[in-house]
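Because the structure is predicted, anything quoted here is derived from the model rather than measured.
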Amino acid sequence: MAVAKVRPRKQSSEKKATTKRTRKQSSSSSNNNDDDDEPLNKKLKSNGKNSTNKNDEVKDEDIPLGQLEKTKSKTKVISPKEEDIENDNELTLSQIKSNIDKSIQIEKVSNSSDNKSLTENEEDSSEYKWWEEDLDDGTEKWQTLEHNGVLFPPAYESLPDLVRLIYDNKPVKLPAQAEEVAGFFGAMINTDHAMNPVFQANFFKDFLAVLKEAGGVLEPKNLKITKFDKCNFQPIFDYYEQKKEEKRQLSRTEKKALKEEKELLEESYKFCYLNGRKEQVGNFRVEPPSLFRGRGKHPKTGSLKRRVYPEDIILNLGKNATVPNPPAGHQWGEIRHDNTVQWLAMWKENIFNSFKYVRFAANSSLKGISDYKKFEKARELKNHIEKIRQDYREKLHSKVTFERQIAVATYLIDVFALRAGGEKGEDEADTVGCCSLRYEHITLTPPNNVTFDFLGKDSIRFYQEVVVDKQVFKSLKLFKKAPKKSGDQLFDRLDPSILNKHLQNYMPGLTAKVFRTYNASKTMQDQLDGMEIKLEQPVQEKILLYNAANREVAILCNHQRSVGKNHETSVQKATDKIEQIIWQKIRFKRALLQLNPKLKKTEGKMFEDIEDLTKEKELEIIKRVTERDLEKFKRKFLNDNEKRKEKNEELLPESQLEEWLDKVNKQKDLYIEELENDGKLSDEFMEKVSKEDKLRDKIHKFEQRIINANLQLKDKEDNSQVSLGTSKINYIDPRLSVVFCKRYNVPIEKVFTKTLRDKFKWAIEGVDDNWRF
DNA sequence: GAGATGACTTAGAAGACTCCAT
DNA sequence: ATGGAGTCTTCTAAGTCATCTC
């Protein structure tokens, strides 16, 4: 996985940006000279009054749900089975309202197939630009909140009678509840999870419990299931695979119809009204029951995650909001009116007894405001980082172990972007962060080399060989001194809350995670600053540079992704393809010379690469190209005939295939003849390309293609293990990307997907060209 | 002050969709 | 038109951290 890298970060580069400030810092960033005139900057008033009343005047579209006039009509949406806890098919007023919204939206979308995103944008943001308002810092998150509750997963559908679990070579009929759990496992027997013994054991334990609850096996009557190894899930697996295949085989229109049906069902849950404004809900779907897929060596992986019922759910609504109807025959667990929190609904899951929340979408004002505050806090750290670093360098010499641990921990968090590292329970995967690092996680090699090797969040390996400050090295040695041994805490005097308390002495609100945001965005800014980007460069090249900067940040934060199974093949393919284009280019250059031999003298430079391919290489390419074409025609022959068969048409004769293959082979012979004649092209070929201009044009195009393909290949290889998305979404101040795009005339769509453009609308619309992190 | 609880952000995997070569 | 690779979105696990409780 991770590759050993020595990557000591330069501390000195900070200096320029963090000249010491003497003024008192009362509000977040207004003391930064470089952004005094920046519109976003007037926010975060500490005691400001709520600004929400400005929307008293609501547009028609924005009438709060509860205030809609009653209408008698009931609309059928879908027909869930009676006993389902699917959502009521009797629509509430608000649902009706939402459906109206929906139909408007559908109309809009269908009217403008060529400019879909624009329409959606208009629809989504009933245009509350919070970033143009003064923000208030109080604990109240909202005044009114209305929504339609949550969407439940469909009820379990029993397997057909013939599809059964096989136990001890006998088909077994299970009660529906147990069958469902067996189905969870059966559907995934081809995954890595299902091969993990811990997963299997946890699944099987919970399966047996459910089976017992449900009264045991139905048929054969006295059969007792006791051994996992005697279970054969293949028929269940095959059944679900077949279902998937059937779905895949649906026609375009059928798929579309299904999708529309699904959307209609979801429509009323997608939006809510916050202070009377329409906002998107994020995860309005209740998590379906399943087997828990823990990451890494999770002791509970495979455990049954039980179905959530309306009775389990707490809805959070405004006091005057209409309570959405629970599914027929059910009640909500609780209705709460807590306006100090951002969640719309929550429930307790059964594996850890922790809460799951339904929240606003990333493009909502509340999330946007939090995001904005996060980055402003990170920027505020600019004003303190100098002092913090100075302090921890001093304290590295402290005689007091506690102080020394604080200093080293802060150093590691600052320089290597470690997470805080809270304590973890027995029933969780063994992963660590800074404060929870143990003896065995670092190896010290004099004079001052440190190897980190531990599993971090999500059990992602953190492996780095680095050079550290001499005093840090000494301190770490001290923290590892006997009687400490493997398994012992390195920072035995620390935990995140102690560390954070210490950090807050420097800056209110400063915690360990702020360093990650700060250093990530700072790195991005420095990277972009350090690049030589020219306005007239092709956009694609500029994007590549942007991605290179993004990649540095991702590496800093250790954001990884698993290398795809066919990564290697795909790299090989790309390499082969580039070779083929080079070969073509050379052939065309030869043709050009053949047409006009004088060019060798007048434009010698152009023909320098004409000998780049050895004969052996060329032969290899010819073979490959031939092979590829032969395959292609064979496939075409099969495909064509299959289609003809379906349509009851006459099949293509074998001779047709032979004719095609013959053509390919003849072409191959021509290539080889060329090769044997030292690259002299056939008369036939020369006739086709008789014009010098056209040849030059072709050659130019080949060259462009080679450049592009090489760039792409490089990007692909560099990115194969690094995940750029996480840092772009969470760590890099979006204003950096916006300013980059503006300055270098790159369309914002090239760096932010639609979702990100929505999420970062505040940055896209609210930043001026000279903004700096 | 330690531990539990609750609420929020951050994370990679998986699934859905798109686009390009054929 | 098709199908596969690559991109984007969704899902939900796994962190952080503030606050509450004793």
Rounded distance (Å) that lies between atom C1' of dG15(B) and atom CE of Met188(A): 14 Å
Any Lys367(A) side-chain N or O less than 4.0 Å from OP1/OP2 of dT9(B): yes
Angle of first-five versus last-five pair axes in the helix from dG1(B)-dC22(C) to dT22(B)-dA1(C), to 10 degrees: 10°
side-chain N/O Lys374(A) vs dT10(B) OP1/OP2, d < 4.0 Å: yes
Sugar-phosphate, base or nothing in reach of Arg359(A), heavy atoms under 4.0 Å: base
Listed partners of Val198(A) passing side chain to side chain contact (heavy atoms under 4.5 Å, CB included), at least two apart: Asn196(A), Asn202(A), Thr301(A)
Separation of dT7(C) C1' from Leu724(A) CG (nearest whole Å): 12 Å
Sugar-phosphate, base or nothing in reach of Phe355(A), heavy atoms under 4.0 Å: sugar-phosphate
Sugar-phosphate, base or nothing in reach of Lys244(A), heavy atoms under 4.0 Å: nothing
Aromatic ring proximity Phe292(A)/His298(A), centre distance under 6.0 Å: yes
Sugar-phosphate, base or nothing in reach of Ser354(A), heavy atoms under 4.0 Å: nothing
Under the side chain to side chain contact (heavy atoms under 4.5 Å, CB included) test, residues paired with Glu579(A) that sit two or more places apart: Lys617(A), Ile621(A), Arg624(A)
Heavy-atom protein contacts under 4.0 Å, nucleotides 12-22 of chain C, coded B base, S sugar-phosphate only, - none: SSBSSSS----
Residue list, side chain to side chain contact (heavy atoms under 4.5 Å, CB included) with Ala378(A), at least two apart or on another chain: Val514(A), Thr517(A), Tyr518(A), Phe773(A)
Separation of atom NE2 in His559(A) from atom P in dT9(B), rounded to whole Å: 16 Å
Interatomic distance, Tyr357(A) OH vs dT10(B) P [rounded to whole Å]: 17 Å
Lys698(A), NZ: over 12 other non-hydrogen atoms inside 6.0 angstrom: no
With sequence neighbours excluded, residues passing side chain to side chain contact (heavy atoms under 4.5 Å, CB included) with Lys663(A): none
Distance below 4.0 Å between Ser497(A) side-chain N/O and dA2(B) OP1 or OP2: no
Distance below 4.0 Å between Thr755(A) side-chain N/O and dC8(C) OP1 or OP2: no
Sugar-phosphate, base or nothing in reach of Lys759(A), heavy atoms under 4.0 Å: nothing
